[in-house]
Amino acid sequence: MNYWLLKSEPNVYSFDKLKSEKKGIWDGVRNYQARNNLKAMKKGDLAFFYHSNIGKEIVGIVKIIKESYPDSTSDDLRWVVVEVEPFYTFKKPISLQQIKSDAILQNIGLIKQSRLSVMTIKPEEFDYILAFDN
DNA sequence: GCCAACGTTGGC
DNA sequence: GCCAACGTTGGC
């Protein structure tokens, strides 16, 4: 079981939209490192859903329900998608500011590699962030 | 709107 | 294979 973080601009594709649609295809990734992370995802893995640009906060968790397959929004076979469904909604979203100001989370990918849209989250980071919500 | 931090492209 | 120029992402 691995943990991930997926970024989306909420004005393009928000967590609320995913919830209203019950499941979603994570398409449009055009970066090798992000693509490699998509390929490494297994059914049942969990991922934080982060709103970039607007909100700048982790708003929920999604579950990977279908492993990677070619992205139909590109005719280039290098790119892939996964399918996700809503798994958990944070009672109170975790802001980037909160993550940045936490000594434990200084090495999280969200801070270290701010431009990457699909990244891994260490199990201890996942548990630690989830505990904020209780 | 600006800029830092990348990633990509293309000339050599 | 190097590197300059350019494009993109995302925080501020």
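Closest approach of A/L5 and A/K7 over heavy atoms only: CD2-CG, 4.0 Å.
When the side-chain nitrogen and oxygen atoms of A/K112 are compared with OP1 and OP2 of B/dC6, none of them lie within a distance under 4.0 Å. Look at A/K7 and you won't find any side-chain N or O under 4.0 angstrom from OP1 or OP2 of C/dT9. Between C/dT9 and A/Y50, no contact under 4.0 Å exists linking OP1 or OP2 to a side-chain N or O. OP1 or OP2 of B/dG7 sits under 4.0 Å from a side-chain N or O of A/Q33.
A/N11 has its CG atom 12 Å from the C1' atom of C/dG10, to the nearest Å. We find that CG of A/L116 is positioned 8 Å from P of B/dG7, with the value rounded to whole Å. Protein atom CG of A/L110 is 10 Å distant from nucleotide atom P of C/dC12, rounded to whole Å. Going from atom CD of A/Q113 over to atom C1' of B/dG7 covers 12 Å, rounded to whole Å. Per the geometry, OH belonging to A/Y32 stands 16 Å off C1' belonging to C/dT8, to the nearest Å. Rounded to whole angstrom, the span from the CZ atom of A/R78 across to the C1' atom of B/dG7 amounts to 13 Å.
For A/K22 and A/E85, the salt-bridge test fails: no basic side-chain N is under 4.0 Å from an acidic carboxylate O.
Here the side chains of A/F49 and A/Y13 are in contact, with some heavy-atom distance below 4.5 Å.
A cation-pi arrangement is present between A/K66 and A/Y69, with the terminal nitrogen or guanidinium carbon under 6.0 Å from the aromatic centre and inside a 45° cone about the axis.
With hydrogens and angles ignored, the 3.5 Å screen pairs no side-chain donor or acceptor of A/D45 with any backbone N or O of A/K63.
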Could you run down the sub-3.5 Å N/O contacts of the protein with nucleotides 1-4 of chain B?
none

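Side-chain rings of A/Y32 and A/W79 approach one another, their centers coming within less than 6.0 Å.
Side-chain atoms of A/N53 lie closest to C/dG10 of the nucleotides B/dG7, C/dC12, C/dG10.
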